[in-house]
Undergrad: 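One structure, pasted below without further comment.
Order of the sequence lines fixes the chain letters, A, B, ..., with proteins taken first and strands second; residue numbering starts at 1 for each chain.
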Amino acid sequence: MCARYVFFSGKAFSDQFGGLAIPDLGPRYNIAPTQPVVAVASGPEAKVLQWGLVPSWAKDPSIGARMINARAETVAEKPSFRTAFKRRRCLLPADGFYEWVGEKGHKQPFFLQVEPTPFAFAGLWEIWEGPDGYLETCTIITTEANDAVRPIHDRMPVVIDQVDYGQWLDTAARPESLMPLLAPAAPDRVKMWPVGKAVGNPRIEGPELIEAIA
DNA sequence: CCAGACGTTGTT
DNA sequence: GTCTGG
DNA sequence: CCAGACGTTGTT
DNA sequence: GTCTGG
């Protein structure tokens with residue numbers, strides 16, 4: 001899964017979009033569900049979205065906290081995601097993410113990167129209309145882990161390559177043509193190392209969170 | 001027909 | 001133990 | 001994912 | 001909003 005990630009700066013990512021202005025929320029070393037995140041939607045258009053997709057039909061937006069990931073294998077069919085998969089795909093820029101290994105009480109966090117950085121997660125976004133206005137939210141698509149990640153986890157976030165940004169954000173793209181983009185990244189692009197347990201607390205933030213430990 | 005679900009992950 | 005919030 | 005709450009009434 | 005279960 002992908003439930004915590006890192007995004008240092010919009011500058012390098014902006015260059016990948018020919019200078020598109022990216023909102024500055026960072027640098028962030030511990031982005032957690034329900035928090036605001038940077039995304040690029042079709043256009044391309046940069047947006048700030050709340051992490052945790054709230055379907056348009058939801059009665060209560062609290063469901064978003066449990067919709068932080070969508071499975072690539074079923075995203076085109078699931079009622080919560082299929083509308084966004086057809087019409088509201090996005091890219092979520094990132095410099096890395098975290099996974100935890102081991103049993104509760106003894107979990108060891110790892111920091112993982114997919115080179116070259118920054119990279120972009122495949123995401124979906126949605127609009128929810130509540131009594132106090134509109135809420136725009138998003139989710140990160142996951143797929144099976146590649147050989148590099150599998151030793152620590154069986155799922156990983158989908159990374160869209162720069163060459164495929166246009167296709168992923170093309171509102172006219174046929175859903176079938178998008179499925180090949182939802183494959184795991186090549187194993188040799190993944191770098192990972194163990195980090196301190198402080199990252200577990202979503203209120204702790206800072207570059208020391210991604211420093212390798214012995 | 002209406003009522004109720006609609007999700008992922010990890011763990012057991 | 002389980003659910004909610006970040 | 002982990003951290004933190006998990007409840008009501010009355011009073012200040 | 002749409003689908004499934006009763």
Side-chain angles (χ1 to χ4, degrees), chain A residues 1-7 25-39 48-89 92 94-113 121-130 134-146 149-158 175 182 184 192-206 208-210 213:
Chain A
M1 113 184 275
C2 180
R4 242 29 112 67
Y5 75 97
V6 165
F7 181 44
L25 303 182
R28 294 297 314 281
Y29 293 85
N30 199 0
I31 300 170
T34 73
Q35 294 180 352
V37 298
V38 172
V48 175
L49 305 169
Q50 181 177 300
W51 186 12
L53 189 144
V54 179
S56 61
W57 41 260
K59 292 182 183 67
D60 188 298
S62 62
I63 189 177
R66 295 183 296 285
M67 304 289 235
I68 63 172
N69 294 134
R71 293 175 63 87
E73 297 91 332
T74 55
V75 71
E77 289 85 34
K78 291 290 184 180
S80 294
F81 302 126
R82 60 188 173 198
T83 309
F85 183 68
K86 279 184 209 156
R87 306 207 297 266
R88 282 180 297 278
R89 294 179 298 277
L92 297 140
D95 287 279
F97 58 100
Y98 300 98
E99 298 288 0
W100 280 257
V101 182
E103 295 178 5
K104 196 163 70 176
H106 309 275
K107 289 200 175 183
Q108 173 61 56
F110 281 74
F111 180 63
L112 299 90
Q113 292 187 308
F121 294 133
L124 307 174
W125 66 284
E126 190 53 271
I127 307 171
W128 181 79
E129 185 180 1
Y134 293 93
L135 179 65
E136 295 188 334
T137 60
C138 63
T139 192
I140 294 171
I141 300 178
T142 65
T143 187
E144 60 182 344
N146 64 26
V149 176
R150 192 168 299 111
I152 68 167
H153 214 73
D154 63 348
R155 307 287 301 175
M156 66 184 290
V158 171
L182 303 183
M192 67 174 94
W193 55 86
V195 296
K197 294 186 177 174
V199 67
N201 188 335
R203 293 185 297 196
I204 296 179
E205 177 66 77
E208 64 276 13
L209 293 179
I210 65 167
I213 61 168

Undergrad: I need the minimum non-hydrogen distance between A/Gly64 and A/Val54, along with the two atoms involved.
TA: CA-CG2, 3.8 Å

Undergrad: Please report the closest heavy-atom contact between A/Asn30 and A/Pro202, naming both atoms and the distance.
TA: ND2-CA, 3.7 Å

Undergrad: Considering non-hydrogen atoms only, spot the tightest contact between A/Pro157 and A/Glu99 and give its length.
TA: CD-OE2, 4.4 Å

Undergrad: Do A/Ile68 and A/Ile140 come close enough that some side-chain heavy atom pair is under 4.5 Å?
TA: no

Undergrad: So, using side-chain hydrogen bond (donor to acceptor under 3.5 Å, both in side chains) as the criterion, who are the partners of A/Glu144 when residues are at least two apart?
TA: none

Undergrad: Minimum heavy-atom separation for A/Cys2 and A/Thr142, please, with both atom names.
TA: N-CG2, 4.4 Å

Undergrad: Determine the contact category for A/Asn30: base if any of its heavy atoms lies under 4.0 Å from a base atom, sugar-phosphate if only primed atoms, P, OP1 or OP2 are that close, otherwise nothing.
TA: nothing

Undergrad: Sort me out a list of protein N/O and nucleotides 1-4 of chain E N/O pairs below 3.5 Å, or just none if empty.
TA:
none

Undergrad: Is any side-chain N or O of A/Arg155 closer than 4.0 Å to OP1 or OP2 of B/dT9?
TA: yes

Undergrad: Where does the angle between the aromatic ring planes of A/Phe111 and A/Tyr98 fall among parallel (under 30°), tilted (30 to 60°) and perpendicular (over 60°)?
TA: tilted

Undergrad: Indicate for each nucleotide in nucleotides 1-6 of chain D, in 5' to 3' sequence, whether protein heavy atoms under 4.0 Å reach the base (B), only the sugar-phosphate (S), or nothing (-).
TA: BSSS--

Undergrad: Return the set of residues passing salt bridge (Lys or Arg N to Asp or Glu O under 4.0 Å) with A/Arg82 (not counting sequence neighbours), or none when no residue passes.
TA: none

Undergrad: Compare every heavy atom of A/Lys59 with every heavy atom of A/Trp128, then report the nearest pair and how far apart it is.
TA: CZ2-O, 3.8 Å

Undergrad: Once you apply a heavy-atom cut-off of 4.0 Å, does A/Thr142 come out as touching a base, just sugar-phosphate, or nothing?
TA: sugar-phosphate

Undergrad: Give one of base, sugar-phosphate or nothing for A/Thr83, where a contact means two heavy atoms less than 4.0 Å apart.
TA: nothing

Undergrad: Have a look at A/Gly52 and say if it touches a base, only the backbone sugar-phosphate, or nothing, with a 4.0 Å heavy-atom cut-off.
TA: nothing

Undergrad: Please convert DNA chain E into dot-bracket. A pair counts if it is Watson-Crick or G-U wobble with both distances under 3.5 Å; crossing pairs go in [ ] and bases paired with another strand get |.
TA: ||||||

Undergrad: Testing the basics here: between A/Leu209 and A/Val195, what is the closest heavy-atom pair and its distance to 0.1 Å?
TA: O-CB, 3.3 Å

Undergrad: Which residues satisfy the salt bridge (Lys or Arg N to Asp or Glu O under 4.0 Å) test with A/Glu126, sequence neighbours excluded?
TA: A/Arg88

